[in-house]
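Throughout, residue positions are numbered sequentially from 1 according to the sequence presented. These numbers were taken from a predicted model, which means no experiment stands behind them.
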Amino acid sequence: MGNKTLNKETQNYINANLTTDLHSLLLKKSPFPEVSMQEIVQQIKGKQVAQRKFPFLLKEGIVFPPQLNLEQSSSEKTALYKSEILKGKKFIDLTSGFGIDAYYLSRNFDEITLIEQNSELLEIVEHNWTVLEKKAKFINQKLEDFLTKNKESFDVVYLDPARRDNNKNKVFLLEDLSPNILEIQKKLLSISNEVVIKLSPLIDLKYLVSVLPNIFRIEIIALKNDVKEVVVFLSNENFGKIICKCINLESGESDLEYQFGDEENANATYSEPEKFIYIPNHSILKAGIFNLISEKFNLKKLHPNSHFYTSDEKINNFPGRVIEVKVIDSKEIKKKEQFNIISKNYPLKPEELKKKYGLKDGGEHYLIFTQSKKGKIILKSI
C-alpha cells in the first residue's frame, strides 16, 4: 500500500501531535510535500478514536480511514463479545466497513470473506490485516451484486447495514437501511443457516419480530450501561420461540435471558419504597420487560411509569444498580449538598432540581426524585 503517511518521519509527526488541537493543525502547512495536512489529521483522529474504541490497532503500520468510517465501526469490546458466540468453517461479512467486527467475529472460522463496496476503505482493511497477520478473501463489490452472482454457502453471514440515508440523516427501520434487509432476507438465508445482523439501538423489538419471520434470537448489547447495538440472529430452522438476552459489558452485572412475549404474561406487584431501590440498566430498559423484572426477581414496583423496584431484602444478582435508601422530605435537603441526582416520572429534570435546591452534582450519595402510587417522593441513599 503506497500510503505516504506510513513514512517514519510522518508517523513521528503524527504521534507527536496526538493531543494537538486539530482545527489549528489544519490551518498549518504540512511539513511533508507528499502528504497533506488533511491526511495527517485523518491519521491523528484515527489514533484518538482507536485509543478508546479499538486499542488493538494502536501499533506501527496501521492506517486509519475517514471519520465517518471510524464512527460506524463497532467497538473492540462489543466485537469481542460477539466473537465468543459464533464459530464454524466459513464466515462472510457482507458489509465489512473498517473490519473491526470481521476481525473478531472470524476468529473461530477457517475461511473468511470480506465484501466492501468502498475500494479505498477495503484497501486500507487489507493492508491492516496484513500488518496484523490475519488472512481473508477481500472482494470489492456491492453486496447486492455479490448475492446475485454468488454460488457459495457459509456457516455464518454477518452484516452491519448503513444507517444513514442519501442526505446523511440517521435511519433505523429495516426497509430504510442500505441494504434493505426486508428485500434480501430470503437471499441471505439461502446461502447460510445463520444470519447475524447488527442494528441500531433505537430499533423496536416488536417491529423486528413482526417483519423478520426467521428470528430466533435477539441480543441487546450495552457497554458500561450505554446500549450500543441490537443484534438479531436469523435461521431457516423453526425454533418455535425467540430468546432475548440483555448484556451490559464491563459492568460486573449479570446477563438476563428471557423469551420474547414473556412480558405480556407477567404481572408486577406494587409497594411504597422499602429498604432497597433497584434501577435496571439500560439494556433492560431497552427490552421493556418492566413487569417481568418484578416477577422474575420478586421485586415490587413503585409506580407503573417509574421503572424503579424495591425490597426489604437485598437481591445481589440484579442487572442494574441497587441503592439502600430512606424517604425524606424536601425540607431536609440543604443547599450546597452534593448528590448524584436521578429524576424519573417526576415533573422536574436533574438540572432544574439542582437549581431549585441549590445542590452540587457528584459525590457518593444519591437523591432520587420519582413517584410511587401515592404520589411524588424523594429518596436519599444511605
Side-chain angles (χ1 to χ4, degrees), residues 85 172-177 181-182 185 189 194-222 225-248 251 253-274 276-311 313 315-322 344-346 370-374:
I85 55 178
F172 53 90
L173 293 178
L174 301 192
E175 57 265 37
D176 296 330
L177 304 181
I181 300 300
L182 301 188
Q185 57 179 311
L189 286 163
E194 185 164 9
V195 176
V196 183
I197 309 173
K198 172 188 165 184
L199 297 167
S200 164
L202 298 175
I203 201 83
D204 182 77
L205 303 192
K206 289 183 179 178
Y207 159 76
L208 280 178
V209 172
S210 72
V211 297
L212 294 176
N214 293 92
I215 286 186
F216 71 93
R217 189 172 183 86
I218 301 173
E219 300 215 354
I220 302 168
I221 304 175
N225 208 26
D226 182 11
V227 178
K228 294 296 186 182
E229 54 198 66
V230 172
V231 181
V232 298
F233 298 74
L234 312 182
S235 174
N236 288 306
E237 295 179 31
N238 183 6
F239 290 88
K241 60 182 180 179
I242 299 170
I243 297 300
C244 300
K245 190 174 183 181
C246 299
I247 302 110
N248 189 13
S251 67
E253 297 171 2
S254 303
D255 298 339
L256 179 67
E257 195 166 282
Y258 67 98
Q259 188 172 327
F260 187 84
D262 283 352
E263 174 68 12
E264 295 176 10
N265 301 315
N267 294 301
T269 54
Y270 293 87
S271 166
E272 291 303 297
E274 296 181 342
F276 295 97
I277 287 293
Y278 300 79
I279 306 173
N281 67 42
H282 286 168
S283 70
I284 299 293
L285 295 177
K286 169 63 187 175
I289 47 173
F290 308 121
N291 292 339
L292 187 61
I293 286 292
S294 173
E295 197 174 85
K296 198 173 184 74
F297 291 94
N298 196 25
L299 297 171
K300 300 152 196 169
K301 285 194 79 175
L302 297 185
H303 186 278
N305 299 324
S306 292
H307 308 319
F308 288 137
Y309 303 81
T310 192
S311 71
E313 298 293 327
I315 304 295
N316 291 316
N317 62 337
F318 182 78
R321 279 180 287 180
V322 184
K344 285 189 178 180
N345 196 24
Y346 198 84
T370 186
Q371 290 190 57
S372 70
K373 278 197 165 185
K374 290 185 178 178

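- The backbone N or O of Leu292 sits less than 3.5 Å from a side-chain atom of Glu263, completing a donor-acceptor pair.
- Pairing each heavy atom of Phe260 with each of Cys244, the nearest pair is CB-SG, 3.8 Å.
- Shortest non-hydrogen contact noted between Ser294 and Ala268 is OG-CA, 3.5 Å.
- Summarising the local packing, CG of Asn298 is surrounded by 12 or fewer heavy atoms from other residues, nucleotides or ligands at distances under 6.0 Å.
- Between Phe233 and Ile85, the shortest heavy-atom distance links the atoms CZ-CD1, 3.7 Å.
- Side-chain atoms of Leu182 and Leu174, non-hydrogen and from C-beta on, do get closer than 4.5 Å to each other.
- Ser200 pairs by the side chain to side chain donor-acceptor pair (under 3.5 Å) definition with nothing, not counting sequence neighbours.
- Listed by first then second residue, pairs satisfying salt bridge (Lys or Arg N to Asp or Glu O under 4.0 Å) with a partner in residues 230-242 number zero, not counting sequence neighbours.
- Note that the CG atom of Leu234 and the CD atom of Gln185 stand 7.0 Å from one another [nearest 0.5 Å].
- Annotation: side chain of Ile218 is not in contact with side chain of Ile243 (no heavy-atom distance under 4.5 Å).
- The pair Glu272-Lys374 fails the salt-bridge criterion, with no side-chain N (NZ, NE, NH1 or NH2) lying under 4.0 Å from an Asp/Glu carboxylate O.
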- Task: Begin from the C-alpha positions of Val232 and Leu199 and carry the test side-chain contact (heavy atoms from CB on, under 4.5 Å) through to its verdict.
- Result: CA-CA 8 Å; Val232 298; Leu199 297 167; 4.0 Å; yes

- Go through the steps to decide whether Ile247 and Ile220 satisfy the test side-chain contact (heavy atoms from CB on, under 4.5 Å), and finish with yes or no. CA-CA 6 Å; Ile247 302 110; Ile220 302 168; over 6 Å; no

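- In terms of modelled atom types and a separation under 3.5 Å, the side chain of Asp262 and the main chain of Gln259 share a donor-acceptor contact.
- Annotation: side-chain hydrogen bond (donor to acceptor under 3.5 Å, both in side chains) contacts involving residues 201-220, sequence neighbours excluded, comprise Tyr81-Glu219, Glu175-Tyr207, Arg217-Glu219, Arg217-Glu257.
- A donor-acceptor contact shorter than 3.5 Å links the side chain of Asn236 to the backbone of Leu189.
- For the atom pair CZ of Phe276 and CZ of Arg321, the computed distance is 16.0 Å after rounding to the nearest 0.5 Å.
- Listed by first and then second residue, the salt bridge (Lys or Arg N to Asp or Glu O under 4.0 Å) pairs that reach into residues 284-299 come to none, sequence neighbours excluded.
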When the side chains of residues 277-284 are checked against the rest of the protein, which donor-acceptor pairs come out under 3.5 Å, sequence neighbours left out?
residue, atom, partner, partner atom, Å
Tyr278, OH, Ser311, OG, 2.7
Tyr278, OH, Glu313, O, 3.1
Tyr278, OH, Ile315, N, 2.9
Asn281, OD1, Ser283, N, 3.0
Asn281, OD1, Ser283, OG, 2.6
Asn281, OD1, Ile284, N, 3.0
Asn281, ND2, Glu253, OE1, 2.6
Asn281, ND2, Pro319, O, 3.1
His282, ND1, Asn225, O, 2.7

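- Taking CG of Leu285 as the start and CD1 of Ile293 as the end, the distance is 9.0 Å to the nearest 0.5 Å.
- You'll find the side chain of Val209 reaches within 4.5 Å of the side chain of Ile242, heavy atoms only.
- In this structure, Leu205 and Tyr258 approach most closely via the heavy-atom pair CD1-OH, 4.1 Å.
- The side-chain contact (heavy atoms from CB on, under 4.5 Å) test applied to Asn345 returns His303, Asn305, Ser306, Thr370, Gln371, not counting sequence neighbours.
- In this pair, His307 and Phe290 present their aromatic rings parallel. The plane angle is below 30°, not in the 30 to 60° band.
- Summarising the geometry, atom CG belonging to Asn316 is positioned 9.5 Å from atom OG belonging to Ser254; distances are rounded to the nearest 0.5 Å.
- For the residue pair Ser271 and Leu302, the shortest heavy atom distance occurs at O-CD2, 3.5 Å.
- Under the 6.0 Å distance and 45° angle rule, Lys300 does not count as a cation-pi partner of Tyr270.
- Here CG of Leu212 is found 8.0 Å from CD1 of Ile181. Values are rounded to the nearest 0.5 Å.
- Taking CD of Glu264 as the start and CD1 of Ile289 as the end, the distance is 13.0 Å to the nearest 0.5 Å.
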